[in-house]
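Written out below as structure tokens is the structure these notes cover.
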Amino acid sequence: MNFNKCERCGCFFVSDGNVCPSCAPKDNYEMSKLNNYFIENKQPITVNDLSYATGISKKNLTRFISGKNFNYKKQIEL
Ligand SMILES: [Zn+2]
């Protein structure tokens, strides 16, 4: 059996993915919040400002941004 460590809360879980089943809804919610932000805002933004604008922690933002499902990489200012 394969154990994964949840990237949000640090607990171990058996199912697939980066986060445990109890964190998955929070991840999905924040991901759609992030995507909605970029649908409405076309200017480049830093991770700091993005965290402030969306209320998503920088740690989680960094994880979402580096994920393969994130389509707005060009709008992140480094
Ligand atoms: Zn978790």
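All values below were derived from every heavy atom in this structure, side-chain atoms included, with hydrogens, water molecules and symmetry-related copies excluded. Counting convention: from 1, in listed order, for ligands and their atoms alike.
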| said: Working note: Arg63 + Glu30, criterion salt bridge (charged side-chain N to carboxylate O under 4.0 Å, His left out); need CA distance, chi angles, decisive distance, verdict. | reply: CA-CA 11 Å; Arg63 187 161 54 82; Glu30 288 186 350; 5.9 Å; no
| Leaving waters out, which protein N, O or S atoms fall under 2.8 Å from the Zn ion (ligand 1)? |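 Only Cys6 SG, Cys9 SG, Cys20 SG, Cys23 SG fall inside 2.8 Å of the Zn ion (ligand 1).
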| So, for Cys6 and Cys20, which heavy atoms are closest and what is the spacing to 0.1 Å? |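 In terms of heavy atoms, the two residues are closest at SG-N, 3.3 Å.
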| said: Would you say Ile56 ends up clustered with Ile39 if hydrophobic residues are merged whenever their side chains have heavy atoms under 4.5 Å apart, either directly or through other cluster members? | reply: yes
| Near Lys58 NZ, under 6.0 Å, is it more than 12 heavy atoms from other residues, nucleotides or ligands? |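 No, NZ of Lys58 has 12 or fewer neighbouring heavy atoms, counting only those of other groups under 6.0 Å.
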| task | Could you tell me whether Lys74 atom NZ has more than 12 heavy atoms of other residues or ligands within 6.0 Å of it? | result | no
| task | Please work out which of the three classes, parallel, tilted or perpendicular, describes the rings of Phe38 and Phe70, given edges at 30° and 60°. | result | perpendicular
